[in-house]
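Report on the following structure.
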Amino acid sequence: MENIPKEIPAYKTKFSKANKLYRLVWGLARVLLFRPFGGIVFNGWRKFILCLFGAKIGKHSIIYASSNIWLPKNLEIGERVCIGPHTNIYNPAKITLGNKVVISQNSYLCGGSHDIHSLNLDFISAPIVINDFSWVCANCFVMMGVTIEEGCVIGATSSLFKSTEPWSVYGGVPAKFIKKREIKKNE
């Protein structure tokens, strides 16, 4: 249990005018240059547009046109990653996806929230890290500050608020440990 990563602490976030301008230009590019080009044929084009706006994307990754990426420059994706349809990547803080990670349809990676201990409900954010060989199944919610360790599966419709142990399956609301994930050899 000592090797389980602690949740990443949140920090107050203020958005500069440059940040707001960047998001405005990205919003226009997303509507005009990213979303209209659906299908696997235009995957390279979508990755090119994201990289123009600062995203780091590994080889053979797939990003669906219906995905919503809030701030491309805070997104780092490894190789052979799939960001599925209608996913929401809300990343005022950095979101890092390792190699061979799947974020299934309608899932929400939430890198920001509000400080409930502040009368002003100050905006706060924290990074999300999803390590190699992990799968966030359909309709999941992953909270800021969470690290999903290597090989984890977060079951469909789960809400994950705490970091995981490697090669484990989590599910429910809030998501809890279900069992260890064992990989069977191909027959």
Side-chain angles (χ1 to χ4, degrees), residues 1 3-16 18-20 22-23 26-27 30 50 53-57 61 63-64 66-78 81-99 101-166 168-177:
M1 293 289 245
N3 294 337
I4 299 173
K6 305 245 184 309
E7 279 70 32
I8 303 164
Y11 50 89
K12 286 185 183 177
T13 304
K14 298 213 183 241
F15 299 111
S16 67
N19 177 283
K20 292 174 183 176
Y22 169 94
R23 286 187 287 132
W26 163 243
R30 186 165 93 41
L50 285 168
F53 281 86
K56 294 179 180 143
I57 304 172
S61 291
I63 300 158
Y64 278 71
S66 60
S67 64
N68 183 16
I69 298 165
W70 194 73
L71 201 65
K73 69 181 181 179
N74 280 348
L75 183 62
E76 189 171 326
I77 300 171
V81 170
C82 180
I83 296 178
H86 307 289
T87 53
N88 208 335
I89 311 293
Y90 181 52
N91 57 340
K94 188 172 184 179
I95 291 183
T96 305
L97 308 178
N99 298 313
V101 168
V102 175
I103 309 298
S104 290
Q105 65 271 17
N106 300 309
S107 289
Y108 193 131
L109 305 184
C110 185
S113 187
H114 295 274
D115 184 356
I116 62 169
H117 304 292
S118 161
L119 288 176
N120 295 328
L121 294 174
D122 294 326
F123 183 79
I124 56 175
S125 60
I128 294 173
V129 177
I130 302 177
N131 286 295
D132 298 353
F133 306 107
S134 293
W135 177 21
V136 176
C137 297
N139 296 303
C140 284
F141 176 87
V142 177
M143 187 58 169
M144 65 180 195
V146 166
T147 297
I148 297 176
E149 287 295 342
E150 182 178 80
C152 282
V153 174
I154 312 303
T157 73
S158 297
S159 293
L160 185 67
F161 297 99
K162 294 187 177 185
S163 295
T164 67
E165 293 181 34
S168 299
V169 178
Y170 288 78
V173 179
K176 297 192 182 316
F177 173 84

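What you see below is based on every heavy atom in this structure, not just the backbone, and it leaves out hydrogens, waters and symmetry mates.
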Can you give each donor-acceptor pair under 3.5 Å made by side-chain atoms of residues 84-93, sequence neighbours left out, with the distance rounded to 0.1 Å?
unit_1	atom_1	unit_2	atom_2	d
Thr87	OG1	Gly84	O	3.0
Asn88	OD1	Asn68	ND2	3.4
Asn91	OD1	Leu71	N	2.8
Asn91	ND2	Leu71	O	2.8
Asn91	ND2	Asn74	O	3.3

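In this view, Glu76 and Lys94 satisfy the salt bridge (charged side-chain N to carboxylate O under 4.0 Å, His left out) rule, not counting sequence neighbours. With sequence neighbours excluded, the residues forming a side-chain contact (heavy atoms from CB on, under 4.5 Å) with Asn99 are Glu79, Asp132, listed by chain and number. Listed by chain and residue number, Arg23 satisfy the side chain to side chain donor-acceptor pair (under 3.5 Å) test with Asn19 (two or more places apart in sequence, or in another chain). Every residue was checked against the side chain to side chain donor-acceptor pair (under 3.5 Å) condition with Thr96, not counting sequence neighbours, and none meets it.
Shortest non-hydrogen contact noted between Ala156 and Cys137 is N-CB, 3.4 Å. Residues Lys20 and Phe15 approach most closely at CE-O, 3.6 Å, considering heavy atoms. Cys140 and Gly155 get closest at one heavy-atom pair: SG-O, 3.0 Å. In terms of heavy atoms, Ala126 sits closest to Met144 at O-CB, 3.6 Å. The two atoms that bring Glu165 and Cys152 nearest to each other are O-SG, 2.8 Å, heavy atoms only. Scanning all heavy atoms of the two residues, the minimum distance from Cys82 to Tyr64 falls at SG-CE1, 4.0 Å.
Considering CG of Leu109 and CD1 of Ile128, their distance stands at 5.0 Å, rounded to 0.5 Å. Leu75 contributes atom CG, which lies 14.0 Å from atom CZ of Phe53 (distance to the nearest 0.5 angstrom). Distance CD/Glu149 to CZ/Phe133: 13.5 Å, rounded to 0.5 Å. To the nearest 0.5 Å, atoms CG (Leu97) and CD1 (Ile77) are separated by 5.5 Å. Between Cys110 atom SG and Phe161 atom CZ the span is 9.0 Å, to the nearest 0.5 Å.
The aromatic rings of Phe177 and Tyr170 lie perpendicular to each other, with more than 60° between the two planes, well past the 30° mark.
Shown are Ser159, Ser158, Pro174; of these, the side-chain contact (heavy atoms from CB on, under 4.5 Å) with Phe141 is made only by Ser159.
Asn131 has its side chain within reach of Thr147: a pair of non-hydrogen atoms, C-beta onward, lies under 4.5 Å apart. Between Ile63 and Ile57 there is a side-chain heavy-atom pair separated by less than 4.5 Å. Counting heavy atoms from C-beta on, the side chains of Arg30 and Ile69 never come closer than 4.5 Å. No side-chain heavy atom of Val142 sits under 4.5 Å from any side-chain heavy atom of Ile103. At a threshold of 4.5 Å between non-hydrogen side-chain atoms, the residues Leu160 and Val136 do not count as touching. By the 4.5 Å heavy-atom criterion applied to side chains, Leu50 and Trp26 are counted as neighbours.
Sorted by first and then second residue, the side chain to side chain donor-acceptor pair (under 3.5 Å) pairs involving residues 104-120 (not counting sequence neighbours) are Ser104-Trp135, Ser118-Asp122.
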